[in-house]
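Values in this document were obtained by computation on a predicted structure and should not be read as measured data. Each chain gets a letter, A, B and so on, in the order the sequences are listed, and its residues count up from 1.
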2 protein chains.
Amino acid sequence: MATIRDVAEAASVSIATVSRVLNKKARVSEETARRVWTAAAELDYWPNEAARSLTTNQTHVIGVLLPDLHGEFFSEVIRGIDQAARESRYQILVSSSHADHDEVMTAAKSMQGRIDGLIFMASDNGLAESVDRIQGRMPLVLINPRRIVKGTASLRIGNFLGAREAVNHLLRLGHEDIAILKGPAGNIDAEERLRGYRHALAAADRDLGASREFQGDFLEPSGYRAAAEILGSRRRPTAVFACNDMMAIALISAFGGAGLKVPEDIAVVGFDDVAIARYIHPPLTTVRVEANQLGQRALRRLLAILSGGEAEGAVEEVLPATLVVRESCGASLAGYSTDYSRRKESPGSMPGGTARDSDPEARGD
Amino acid sequence: MATIRDVAEAASVSIATVSRVLNKKARVSEETARRVWTAAAELDYWPNEAARSLTTNQTHVIGVLLPDLHGEFFSEVIRGIDQAARESRYQILVSSSHADHDEVMTAAKSMQGRIDGLIFMASDNGLAESVDRIQGRMPLVLINPRRIVKGTASLRIGNFLGAREAVNHLLRLGHEDIAILKGPAGNIDAEERLRGYRHALAAADRDLGASREFQGDFLEPSGYRAAAEILGSRRRPTAVFACNDMMAIALISAFGGAGLKVPEDIAVVGFDDVAIARYIHPPLTTVRVEANQLGQRALRRLLAILSGGEAEGAVEEVLPATLVVRESCGASLAGYSTDYSRRKESPGSMPGGTARDSDPEARGD
DNA sequence: TTGTATGCGTTATCAT
DNA sequence: ATGATAACGCATACAA
């Protein structure tokens, strides 16, 4: 492959001049510039970006560290990051599926020198240590961290308020016996949604008997298993809050298979608002999470830090999770039930948490 | 940040020795090695990988160029690539959403020097030129190329056979009037699936009147629009082959909304076998595409080329698309209808194309 | 306006 | 076994 030296030789100039022309950094005579451009084209010269970033100290690449790419949520986050990156002509260096601290560290280390900053999704337990070790080496933005790290920017979903709103919706509809299908233990999203569920019930003076809490893991099969449990319990709940849509969809399918009608016999509400939520039967009432937005904002936040204009305050950002009423709870508010257009419901006209409700959304409430 | 020089100084050795110790490349005395390790730990030294790759000429990073990350198919491909990459301690540099040739080239150029090879998904038209210009600069693997490029490895989906099998399934069930809901024009997958549909009908001496072909774009709303068209046509088809699952799901939902029963009144078959295909009502009969496998294999293929052990022959690989019979066509073969476990059906026991049917799968048949 | 020379942080080739 | 030192490919401060 041709190097800058080859181009210089072909254009009969020094490598410094070639660099100047290609980067448009300094004034070069029309004539020599032309010679350089044609020589570069002739040789099909592509600058070596690794060498480039060695001197300039910047790469135009953002690192992305994720626990796993599985599920629509993660892929939407990545997509959001990538979209925002493209707008600013950045690329993303991705590494995912990291189970423990050591794996995260080796991944982060092998990004050293090839990224300008890092977006780190440390939603599971035990990754706080990784954050501490990365922190300070490079600009860092956290997505869904378990705890706030002083001085580190972070973005997260308003899980608590969203879950609370979903359960409140069921309560308003008159449900007295509301079960929850939980997410995997140790997962911060699952925990926050559980907390929202409990909070809503407690506020309504409802019983918090453990028998109304069923264990799931965010995957469809656990929804099926839970459905069997729920149907087998002596006092069948009249409504179930599933901690994500995939489990909710499995529930509905299983209930249907058992001869139960949703929402007449049992109501189901989900969480996430995945793409197919509105296309299943009945259309799923759920809590919308803007995963794509989460990714976009995380990247823009990082870019803001890179340009040095990052304010110290308000380092934590909460993206609202808003209730989307469809038909799986039997309350088809006028105007929503027939809306099949994707992502078009006006969020402003809907009840639900917003980023401004910062107090109740605080962790460890 | 500490450099190799700082470590050398702290350990009272030369930078050469530090490099030797850290890379375990040459024999170093036990004593000095220990000193180097502790110094490196003390200073929390992370080697600059950009500088490293400048001399070693390899990065342990694979570039991934995609048209867009949208949809489950793309995200599964990426996930497959990433999974396989992780196994070999590689990372992936991603850039997506490239509309035209110029965008692809700038993206590829800014990867120069920071990747060992490139996986390029050039499924849309007009990207052949990009391939030619990248080809030769770096090891390259194509996913779903529109045409075969001599000497370039490529992987693709057996769209033709998969579609043909889906339509044959409908024919075997006795359907006489089978419509197709097409994918976006210019998309190679859509075109191949259409070709399979036409081929199956022609082989069965069926009429190929254009009125039985409805235009879609792989997105849900187009499924809804098509449903209205289909219901409005004077002779309603008894079955519809939708070119992907999202449109099939929208069809089923719309048909249900119009009072039609699937499969009793109208049969629907999809393509992709997305995660929720088995959870909708009725469970969707579809053609399974192993997007994840496609990604994994693409990466392994690239790694094989990198290690130099790539045979010249058999540069094109076709991944089979296999029919998965559920209930949306009314033919619930024993053993399949109640299978809710994810990705567990044995592919061997199912009809459908395989990679060995290389002849009929050939393009431009 | 252009060229020379130094440095970026490594690895690798020589010596010693 | 270890230490100088020359690349790697580029950007840039300084000279001319």
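Rounded to whole angstrom, the span from the CD atom of A:E9 across to the P atom of C:dG3 amounts to 13 Å. Rounded to whole Å, the distance from CD on B:Q58 to C1' on D:dC8 is 14 Å. At whole-Å resolution of the value, CD in B:E31 and C1' in D:dT2 are 14 Å apart.
Among the heavy atoms of the strands lying under 4.0 Å from B:T32 are primed sugar atoms or P, OP1, OP2 only; no base atom is included.
For the 3.5 Å distance criterion, the side chains of A:S110 and B:Q91 qualify, holding a donor opposite an acceptor.
Judged purely by atom type and a 3.5 angstrom limit, A:T55 uses its side chain to pair as donor or acceptor with the backbone of A:R52. Under a 3.5 Å cut-off, the side chain of A:T59 and the backbone N or O of A:D116 do form a donor-acceptor pair.
A salt bridge links A:E191 with A:R146: at least one charged nitrogen is closer than 4.0 Å to a carboxylate oxygen. The pair A:E49-A:R114 fails the salt-bridge criterion, with no side-chain N (NZ, NE, NH1 or NH2) lying under 4.0 Å from an Asp/Glu carboxylate O.
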Letter by letter from the 5' end, nucleotides 8-16 of chain C scores (B base, S sugar-phosphate only, - none; protein heavy atoms under 4.0 Å) BBBBB----
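Remark: B:F218 engages no residue in a ring-ring contact (aromatic ring centres under 6.0 Å, His included) (not counting sequence neighbours).
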